[in-house]
Amino acid sequence: MAHPIRRSNAARGVAAGTVALLAAAVLPAGTASASSDTAKSQTRPAQHVIMFDFDGFDPRFLEGRYADLAELPNIRALIANGAHGVADGSYSSYSNSSRTTTATGAYPAVHRNTGYYYNQETNKGVSQERYIEPGVETIAHSLKRQDRTSAYLQWYAVQNYGATYGDPAALYTQPGGNCETRADQAIALLRGEPVNSGGTMVDPAAIPDLITVYCDDVDGALHDDGFSDPDLPAALARVDAQIGRVRDAAREAGILDRTAFIVTADHGAREWTIPLLPEVLDRLSVTGLKVQVISSSGGVPDPTSEIVIVASPRTADITLSGRADTAKNARHIAKIIKGIPGIAAVHDERDLRRMNASDKLGDLVVEPVEPYHLSTLTDGAPRASHGALPESQVPMVLSGAGIRRGVPLRNVGLVDVAATISALLGVQPPATSQGRVMRKAIERS
Ligand SMILES: [Zn+2]
């Protein structure tokens, strides 16, 4: 595999703030430009799309190192009858930012949802945020604009960005619980039953065209104790089982032959036990600059700090401040850190731009080699996290109505999901989408 974060032609040279221009440039010519109902039905391979988005579902649960942890019969059945591959996420691989890439079909450089960084405008460390750059459309916006219905079950990336509580046309719900509770709502929608949406029972008039189901069971277990977490096999089995339950409900509702299924994730995970941050701080002392590590949950740096670090297990975001903010200092610091054994990469501004990362990240982003970590914890307990490049890879499974069988998916990414769902439903992708339709997976009509 070449570079994990694919660089699309459309994204080349795009900076935030040029969203309107971009939209004009990337709207694919001839994609579902149906003007009549007859034409629409010809360009719509599926009437419904149901997507499962499993937080932290590393592709190695299906193939490779961790494939023996759980059998995953339902995902494997979808793969056997559909298209499957390992897809690129987006950078950095934190949940909200990655899921916003899925929801918008745009890279973080455009949607600007950013994780684990120092926000210079608010002068605070940020862990994760609910944010989408004004003017950037989500799949919830674009489906509603095109008179298609959708429901997002705990799929928070679109909450108040196209979907809201109580809106039967673009419904957001937050059932809580585990994956089973989320699937219960999908099953209710398939049965034509009302679902709880922010305290109000909402009864959509018909089965929504798109249903997304978000589950974080797997990510939770990974964060706790890594890949050897005793609850991980059960979490994997549970999320897999929900696919079977929802599929059965689609069959009972009589729509199975018109429904496409997508299974994907926001990121994978890597384990960490050995602290590397003390070594980084020690080496940086030769610069003579004042270094400060701030908390990602609202930490405020001292005004005299010159190197501000938001340190998390899998990335350390480094911002140069005040008079220290020079290209020369950035180069010098990068060189020092690259020389530390256990460092995998130091991404500078050029690297970050090339990866279509958010401009809100710092001057440098440092990544350790597994099992080193850059968090402030030093207890050596085995845990897993994400944020860096290796774990930006995710599984991508497409199966069901309109999807070809036995097709390997290559060079696809989370950025392509919104365009692909739109193509399956025969509508235009979100206006600011940069992704491409996964055409190899879709049957020619
Ligand atoms: Zn996580």
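All heavy atoms count here, side chains included; hydrogens, waters and symmetry mates do not. Count residues from 1 along the sequence.
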Item checked: Audit row: Y91, T101, side chain to side chain contact (heavy atoms under 4.5 Å, CB included) steps and yes/no -> CA-CA 10 Å; Y91 195 81; T101 300; over 6 Å; no
Item checked: Backbone N/O of P395 and side chain of T264: donor-acceptor pair under 3.5 Å -> yes
Next item on the list: Please determine which of L425, T149, T138 meets the side chain to side chain contact (heavy atoms under 4.5 Å, CB included) test together with L143.
Entry: L425
Notebook entry, point to check: Do R99 and D55 sit within salt-bridge range, that is, some charged N less than 4.0 Å from a carboxylate O?
Noted result: yes
Checklist line | D317 versus Y118, side-chain donor and acceptor atoms under 3.5 Å | finding: no
Next item on the list: Return yes if some donor-acceptor pair links the side-chain N/O of T432 with the main-chain N/O of V136 below 3.5 Å, else return no.
Entry: no
Margin query: Tell me if a side-chain donor or acceptor on R404 pairs with a main-chain N or O of K440 at a distance below 3.5 Å.
Written below: yes
Check: Heavy-atom distance under 4.5 Å between the side chains of M396 and D416, does that happen here?
Finding: no
Next item on the list: Tell me yes or no: between the side chains of T100 and Y161, is some donor less than 3.5 Å from an acceptor?
Entry: no
Notebook entry, point to check: Would a distance-only check, ignoring hydrogens and angles, find a side-chain to backbone donor-acceptor pair under 3.5 Å from D240 to N74?
Noted result: yes
Notebook entry, point to check: Could you state the interatomic distance from CZ (R182) to OG1 (T173), rounded to the nearest 0.5 Å?
Noted result: 9.0 Å
Item checked: R245/D248 under salt bridge (charged side-chain N to carboxylate O under 4.0 Å, His left out): CA gap, chis, key distance, verdict -> CA-CA 5 Å; R245 292 181 65 219; D248 288 347; over 6 Å; no
Notebook entry, point to check: What's the spacing between F57 CZ and C215 SG if we round to 0.5 Å?
Noted result: 11.0 Å
Checklist line | Donor on one side chain, acceptor on other, H267 and D58, under 3.5 Å | finding: no
Next item on the list: Look only at the side chain of R314 and the backbone of R270, and say whether a donor-acceptor pair between them is shorter than 3.5 Å.
Entry: no
Next item on the list: Would you give the length of the straight line joining atom CG of D225 to atom CG of L232, rounded to the nearest 0.5 angstrom?
Entry: 9.5 Å
Check: CG of L153 to CD of Q185: how many Å apart, nearest 0.5 Å?
Finding: 5.5 Å
Margin query: Please give me the minimum heavy-atom distance between S197 and T164, naming the atom from each residue.
Written below: OG-O, 4.4 Å
Notebook entry, point to check: Do Y131 and V126 come within less than 4.5 Å of each other through their side chains, counting heavy atoms only?
Noted result: no
Next item on the list: Would you sort out whether Q242 and D184 count as a side chain to side chain contact (heavy atoms under 4.5 Å, CB included), showing the intermediate values?
Entry: CA-CA 9 Å; Q242 305 321 310; D184 284 346; 5.6 Å; no
Check: Looking only at heavy atoms, what is the nearest atom pair of A157 and A103, with distance?
Finding: CB-CB, 4.0 Å
Notebook entry, point to check: Closest approach of G402 and L424, non-hydrogen atoms and distance?
Noted result: O-CD2, 4.4 Å
Note to self: Quick check: closest heavy atoms across K144 and A169, and the distance to 0.1 Å?
What the structure shows: CE-CB, 4.2 Å
Check: What do the steps show when you test L62 against H84 for side chain to side chain contact (heavy atoms under 4.5 Å, CB included), and what is the final call?
Finding: CA-CA 11 Å; L62 287 166; H84 163 239; 4.2 Å; yes
Notebook entry, point to check: For residues Y156 and R130, is any side-chain donor paired with an opposing acceptor at under 3.5 Å?
Noted result: no
Margin query: Do S142 and E137 have side chains that approach each other closer than 4.5 Å (heavy atoms only, starting at C-beta)?
Written below: yes
Check: Hey, are S150 and Y152 close enough side-chain-wise for a donor-acceptor pair under 3.5 Å?
Finding: yes
Check: Does a side-chain heavy-atom distance below 4.5 Å link V49 with T420?
Finding: no
Checklist line | Donor-acceptor pair, side chain of R60 and main chain of A269, under 3.5 angstrom | finding: yes
Note to self: Please check: side-chain N/O of E129 versus main-chain N/O of N113, any donor-acceptor pairing under 3.5 Å?
What the structure shows: no
Next item on the list: Please name the residue in the list L398, V239, L78 that meets the side chain to side chain contact (heavy atoms under 4.5 Å, CB included) test with V263.
Entry: L78
Check: Any sub-3.5 Å donor-acceptor pair from S93's side-chain atoms to A388's backbone N or O?
Finding: yes
Item checked: Within 6.0 angstrom of E193 CD, more than 12 heavy atoms from elsewhere -> yes
Next item on the list: For the pair R383 and H373, evaluate side chain to side chain contact (heavy atoms under 4.5 Å, CB included) and give the outcome as yes or no after the intermediate values.
Entry: CA-CA 10 Å; R383 301 181 183 87; H373 72 86; over 6 Å; no
Notebook entry, point to check: Shortest non-hydrogen contact from N178 to E180?
Noted result: OD1-N, 2.9 Å
Notebook entry, point to check: Side chains of D88 and Q393: do they bring a donor and an acceptor to under 3.5 Å?
Noted result: yes
Note to self: Measuring from atom CG of L414 to atom OG of S90, what distance do you get when rounded to the nearest 0.5 angstrom?
What the structure shows: 6.5 Å
Item checked: Pair Y117, S358: side-chain N/O donor-acceptor within cut-off below 3.5 Å -> no
Check: Partners of D219 by salt bridge (Lys or Arg N to Asp or Glu O under 4.0 Å), sequence neighbours excluded?
Finding: none
Check: Of all heavy-atom pairs between P175 and T181, which one has the smallest distance, and what is that distance?
Finding: O-CG2, 3.9 Å
Next item on the list: Could you check if a side-chain atom of S422 sits within less than 4.5 angstrom of a side-chain atom of P430, using non-hydrogen atoms only?
Entry: yes
Next item on the list: Decide yes or no for L222 and H386: does some side-chain heavy atom of the first lie under 4.5 Å from some side-chain heavy atom of the second?
Entry: no
Check: Should the pair R354-D351 be classified as a salt bridge under the 4.0 Å nitrogen-to-oxygen rule?
Finding: yes
Checklist line | F261 and I403, any side-chain heavy atoms less than 4.5 Å apart | finding: no
Margin query: Is it the case that the side chain of D53 and the backbone of Y214 share a donor-acceptor pair, with hydrogens and angles ignored and the cut-off at 3.5 Å?
Written below: no
Next item on the list: Mark yes or no for whether Q434, through its side chain, and V415, through its backbone, hold a donor-acceptor pair below 3.5 Å.
Entry: no
Next item on the list: With the side chain counted from C-beta on, respond yes when D266 and T102 share a heavy-atom pair under 4.5 Å apart, and no when they do not.
Entry: no
Next item on the list: Any chance you could measure I421, atom CD1, to R148, atom CZ, to the nearest 0.5 Å?
Entry: 13.0 Å
Item checked: Pair Y172 and Y165, ring centroids less than 6.0 Å apart -> yes
